[in-house]
**Student:** 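There's a structure below that I have some questions on.
The analysis underlying the following values was restricted to heavy atoms, covering all of them including side chains, and did not include hydrogens, waters or symmetry mates. Protein chains get the first letters and strands the later ones, always in sequence-line order, with residue 1 at the start of each.
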Protein chains: 4
Amino acid sequence: MQIKKEEVRMALLDAAEKEFLDKGFKNASLRKIIKAAGTTIGNFYNYFDSKEAIYEALVEGEYNKFVYFIEHHDEINRPDYLWEIANVRKWRSVMFEFIEAYIPPFSNRFVLLIEGSEGTRFEKTRDILLQVLTEHFLSHMEEFGHSHVHPEMAEIIAIQFIEGFLFILKNYKEETIRKKLITEHFLFHIIGSMSLIGDFK
Amino acid sequence: MQIKKEEVRMALLDAAEKEFLDKGFKNASLRKIIKAAGTTIGNFYNYFDSKEAIYEALVEGEYNKFVYFIEHHDEINRPDYLWEIANVRKWRSVMFEFIEAYIPPFSNRFVLLIEGSEGTRFEKTRDILLQVLTEHFLSHMEEFGHSHVHPEMAEIIAIQFIEGFLFILKNYKEETIRKKLITEHFLFHIIGSMSLIGDFK
Amino acid sequence: MQIKKEEVRMALLDAAEKEFLDKGFKNASLRKIIKAAGTTIGNFYNYFDSKEAIYEALVEGEYNKFVYFIEHHDEINRPDYLWEIANVRKWRSVMFEFIEAYIPPFSNRFVLLIEGSEGTRFEKTRDILLQVLTEHFLSHMEEFGHSHVHPEMAEIIAIQFIEGFLFILKNYKEETIRKKLITEHFLFHIIGSMSLIGDFK
Amino acid sequence: MQIKKEEVRMALLDAAEKEFLDKGFKNASLRKIIKAAGTTIGNFYNYFDSKEAIYEALVEGEYNKFVYFIEHHDEINRPDYLWEIANVRKWRSVMFEFIEAYIPPFSNRFVLLIEGSEGTRFEKTRDILLQVLTEHFLSHMEEFGHSHVHPEMAEIIAIQFIEGFLFILKNYKEETIRKKLITEHFLFHIIGSMSLIGDFK
DNA sequence: AATGAATGAGGGTTCATTCAT
DNA sequence: AATGAATGAACCCTCATTCAT
């Protein structure tokens, strides 16, 4: 056999994904993963070098996409004219198209990368994402910088944005509904951000 | 001595609060708590029956307040007239007063109750809070119920609300700034929620 | 109890000394040590932090003496006039007194330090000893440096010296006989070294 | 194919020799040997029955030669007249010729047999060699048996002799230098042994 | 002849909890 | 009220070997 039996590998990856999502990397039990996959401890190590290795196998692709996104997010042609649209209905449709065009399909594994990486070499990922988003919100806030704006809100909004986004990913797998909810999520944050700026009437 | 020394009990509770906040109930090390409290393993069990018991001692009060809040939150005289205010500046001041009047001081232990309870009998607390908030947002949404409103957003917003709120509690201890940020946080959600309704102009 | 029960600690150290001497640090089984000491796995860690820690507890004192010896061996008032003595009987008695004066009591633990340290932070000890002895023999050889002397012999003799010395320590515990054998051992090497120089008649 | 390919067998033996010499039988990793030989675990067992079997294949020839040597070493025409030579230069040349004539070429596998056999059925080999050499030295000592001779020294010298000899084999592969060093080694022990006897002047 | 998946005992270590003193 | 020794299950990982293909 040239290729290791894909079934076992897949069974291990599936079981690991579930266990890691449920418990996080650190608290996940390799023994339980292995038992759930229907194989033995020794055999696990024919497929993966370590507990961390199977986590990385799950998350690596997502991480590479993530890094690409972080490094290139400035280049995304943000529809800044949105700020000029005063009609939410219109915004909604523009936002939906934007998301369709730019938001890659996210999987459980992205959730795993952001939420379950404590104890692995990816454990800073969530912080990086948080920082980038915080800076993003801060720069928007500065565009409108009124005296009473609280810069601390940038980080708070970033946190919320991430949590809401991950929740959608975790709970809505169907493509259409997921995109609709992400659209609403974006709108919620765009409109919500206006509260910080202060005066619109 | 017959009477247990309060100092020891306090030292244990303080050390436990720190450790639990830092690591969560499950990953906290009882040995480290005991060492930090300056007592011994055996003596710990003169004060608390188990690891879970000291967690409960920390969190019980908050939980009771929490349950009271959940059961009586309808009775809070919500300033529904807010919806009629079209000026964010005005909202902000009204909101601040409302928070001052109704939001009880939240402690680290409330954070602990919501975020660190995995593995204890309180682990459903966060879910209960989430559910109540979800219903709250849903009822508001129904007031404006347009055809295109996504009811799923209620839960998503509830999640974000909780996360943002907890983040403020964790990171801003100073009373004034905390209240200001909570005000902004509420406003963010009120205004953000308008995006769901659709048309405002 | 302020002091951990010395019996158990001693039982563990004794069992460990035997196991480590027999198998070396790396191949020693902690479980076997623990069973031989009549305690349990968990309890072992009340006495020592790790497998390496109990090894270090055994060997540390010897190591410090060793380092002192290495750093001060030049200062030892070597009886160089020995070379002028042509009578082995005389040498023997001088040598014996010298050993009595300068050779500290060596224990099994010194053997353990030199022979069983692979896998610990002491694993270079044997090499250091070997190097110092090699240099020592080399310097003596240079004093008499004839053209045909093989400098490679210095290291070879050093090896033999160490091995013979350790063998005596391992197999002869009784003070008097041990000192006598060490005396013979030294003499063997002194006289043997003359073979390298070449001409005496 | 019916006939096992010699190349594979050789590759395995070569890799095993290196690994066993480096780590000893017990600590050697069969997996590493197999990987270094460029074949697979399963295929290994087509060539050898077990880890011990490949060790035996490496060492068997040397062991048979060794047994022959042990059983016939009395018959070697020892140049006992050496004892009558009082000039080391002369001894050296005689010794060198003797070694050339009687000492068979020793390979890495001999080293392996003596030093790396722990855990195999050959693990007593070193002890046998030690015992034979000890007896040899003892018989010489008895020839000169003075009252103060320590018979224990026979074993100690035997140990040193073996260790020095193996060190030369391990570190000096070039035929001429090896023979020279072995000559010096023998001389060292012959002359050194005189220290035991006591009076020469 | 060759492949590599499968097995399970054993390795060192951590942990909350119990209990005799 | 206080001490800390004792317990044993569970943690991740390595290993030589077996076996179906």
Side-chain angles (χ1 to χ4, degrees), chain A residues 1-9 26-34 38-54 119, chain B residues 1-5 7-9 26-34 39-54 119, chain C residues 1-9 26-34 38-54 119, chain D residues 1-5 7-9 26-34 39-54 119:
Chain A
M1 311 171 192
Q2 201 71 316
I3 297 156
K4 291 183 182 179
K5 264 172 66 193
E6 276 308 307
E7 302 157 41
V8 176
R9 189 167 204 275
K26 223 177 165 179
N27 282 9
S29 164
L30 199 48
R31 278 174 161 80
K32 276 177 196 153
I33 291 170
I34 289 162
T39 185
T40 58
I41 293 176
N43 199 32
F44 169 85
Y45 288 91
N46 284 327
Y47 291 89
F48 301 98
D49 286 343
S50 65
K51 186 188 185 185
E52 184 149 5
I54 192 173
Chain B
M1 310 176 201
Q2 295 286 44
I3 297 156
K4 286 171 187 174
K5 272 166 47 193
E7 304 158 40
V8 175
R9 193 183 149 84
K26 226 178 164 177
N27 281 12
S29 165
L30 195 50
R31 277 175 160 79
K32 276 176 197 155
I33 291 170
I34 290 162
T39 184
T40 60
I41 294 178
N43 201 32
F44 169 86
Y45 286 91
N46 284 327
Y47 289 88
F48 301 97
D49 286 344
S50 65
K51 186 188 183 185
E52 184 152 5
I54 193 173
Chain C
M1 311 171 192
Q2 200 71 313
I3 296 156
K4 291 183 183 180
K5 264 171 64 192
E6 276 308 307
E7 302 158 41
V8 176
R9 188 165 205 275
K26 222 177 166 179
N27 282 9
S29 164
L30 200 47
R31 277 174 163 80
K32 275 177 197 154
I33 290 170
I34 289 163
T39 185
T40 58
I41 293 176
N43 200 32
F44 169 84
Y45 287 92
N46 283 328
Y47 292 88
F48 301 97
D49 286 342
S50 65
K51 186 187 184 186
E52 185 149 6
I54 193 174
Chain D
M1 309 178 202
Q2 296 289 41
I3 297 157
K4 286 172 185 172
K5 275 167 45 192
E7 304 157 40
V8 176
R9 194 182 147 84
K26 226 178 165 176
N27 281 13
S29 164
L30 196 48
R31 278 176 160 78
K32 276 177 197 154
I33 290 169
I34 289 163
T39 184
T40 59
I41 294 177
N43 201 31
F44 169 85
Y45 286 91
N46 285 326
Y47 290 88
F48 301 97
D49 286 343
S50 66
K51 187 187 183 184
E52 184 152 6
I54 193 173

**Student:** Taking only side-chain nitrogens and oxygens of Lys5(C), does any of them come within less than 4.0 Å of OP1 or OP2 of dA5(F)?
**Tutor:**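 So the side-chain polar atoms of Lys5(C) never come under 4.0 Å of the phosphate oxygens OP1 or OP2 of dA5(F).
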**Student:** Is the phosphate of dT3(E), meaning OP1 or OP2, less than 4.0 Å from a side-chain N or O of Thr39(D)?
**Tutor:**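 Yes, Thr39(D) has a side-chain N/O under 4.0 Å of OP1/OP2 on dT3(E).
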**Student:** Taking CZ from Arg9(A) and P from dG4(E), how many angstroms apart are they, rounded to a whole number?
**Tutor:**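 Spelled out: CZ on Arg9(A) to P on dG4(E) is 15 Å.
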**Student:** Please report, rounded to the nearest Å, how far the P atom of dA16(F) is from the CG atom of Asp49(D).
**Tutor:**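 It is 16 Å, rounded to the nearest whole Å.
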**Student:** On DNA chain E, compare the nucleotides closest to Phe44(D) and Gly42(B); which residue's is nearer the 5' end?
**Tutor:**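 Result of the comparison: Phe44(D).
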**Student:** Heavy atoms from C-beta onward define the side chain here; which of dT17(F), dA5(E), dA2(F) lies closest to that of Leu30(D)?
**Tutor:**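 The nucleotide sitting nearest to the side chain is dT17(F).
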**Student:** On DNA chain F, does the nearest nucleotide to Ser29(D) precede the nearest nucleotide to Val8(B) from the 5' side, or the other way round? Give the residue.
**Tutor:**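 Going by which nucleotide is closer to the 5' end, it is Val8(B).
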**Student:** DNA chain E: Lys26(B) or Gly38(A), which has the more 5' nearest nucleotide?
**Tutor:**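 Per heavy-atom nearest nucleotide, the more 5' residue is Gly38(A).
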**Student:** Could you give the CZ-to-P distance, from Phe48(B) to dA2(F), as a whole number of Å?
**Tutor:**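 Distance check: Phe48(B) CZ to dA2(F) P gives 12 Å.
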**Student:** In whole angstrom, give the distance that lies between atom NZ of Lys51(D) and atom P of dT18(F).
**Tutor:**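 Distance, rounded to whole Å: 14 Å.
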**Student:** Quick one: does any side-chain atom of Lys51(B) pair with a main-chain N or O of Ser29(B) as donor and acceptor, under 3.5 Å?
**Tutor:**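 No: the side chain of Lys51(B) does not pair with the backbone of Ser29(B).
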**Student:** If you check every side-chain atom of Tyr47(B), which of dA5(F), dA2(E), dA2(F) has the closest atom?
**Tutor:**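 Taking heavy atoms from C-beta onward, the closest nucleotide is dA2(F).
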**Student:** To the nearest 0.5 Å, tell me how far Lys5(A) NZ sits from Tyr47(A) OH.
**Tutor:**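 Answer rounded to 0.5 Å: 6.5 Å.
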**Student:** In whole Å, what is the span from the CD1 atom of Ile34(A) to the P atom of dA10(F)?
**Tutor:**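 It is 15 Å, rounded to the nearest whole Å.
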**Student:** Using a cut-off of strictly less than 4.0 Å, decide whether Thr40(B) has a side-chain nitrogen or oxygen near OP1 or OP2 of dA2(F).
**Tutor:**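 Answer no for this pair, as no side-chain N or O of Thr40(B) is under 4.0 Å from OP1 or OP2.
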**Student:** Between dC13(F) atom P and Asn46(A) atom CG, what is the distance in whole Å?
**Tutor:**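 In whole Å, dC13(F) P lies 14 Å from Asn46(A) CG.
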**Student:** Quickly work out the Asn27(A) CG to dA16(E) C1' distance and round it to whole Å.
**Tutor:**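 Going from Asn27(A) (CG) to dA16(E) (C1'), I get 15 Å.
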**Student:** Classify the nucleic acid contact of Ala28(C) as base, sugar-phosphate or nothing, counting any heavy atom under 4.0 Å across all strands shown.
**Tutor:**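 Touches sugar-phosphate only.
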**Student:** Of the non-hydrogen atoms in Ile34(C) and Thr40(C), which two are nearest, and what is the gap between them?
**Tutor:**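 Minimum heavy-atom separation between Ile34(C) and Thr40(C): CG2-C, 3.4 Å.
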**Student:** So how far is it from Ile41(D) CD1 to Asn46(A) CG, rounded to the nearest 0.5 Å?
**Tutor:**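 Atom-to-atom, Ile41(D):CD1 and Asn46(A):CG are 7.0 Å apart.
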**Student:** With rounding to the nearest 0.5 Å, note down the distance linking CG in Leu30(D) to OH in Tyr45(D).
**Tutor:**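 Output value for this atom pair is 5.0 Å.
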**Student:** Let's test your reading of the model: under 3.5 Å, does the base of dA5(E) pair with the side chain of Asn43(A) as donor and acceptor?
**Tutor:**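 Per atom types, no contact qualifies.
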**Student:** Within less than 4.0 Å of OP1 or OP2 of dT14(E), is there a side-chain N or O belonging to Tyr45(C)?
**Tutor:**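 For dT14(E), neither OP1 nor OP2 has a side-chain N or O of Tyr45(C) closer than 4.0 Å.
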**Student:** Pairs counted as Watson-Crick or G-U wobble with both distances under 3.5 Å: what dot-bracket string results for DNA chain F, using | for bases tied to another strand?
**Tutor:** .||||||||||||||||||||
**Student:** In whole angstroms, how far is the C1' atom of dA16(F) from the NZ atom of Lys32(D)?
**Tutor:**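 Interatomic distance, NZ of Lys32(D) to C1' of dA16(F): 14 Å.
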**Student:** Which nucleotide, dA6(F), dA2(E), dG11(E), lies nearest any side-chain atom of Arg31(C)?
**Tutor:**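 Between dA6(F), dA2(E), dG11(E), the one nearest the side chain of Arg31(C) would be dG11(E).
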**Student:** Heavy atoms only, 4.0 Å cut-off, all strands: where does Ile41(D) land among base, sugar-phosphate and nothing?
**Tutor:**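 Result for Ile41(D) = base.
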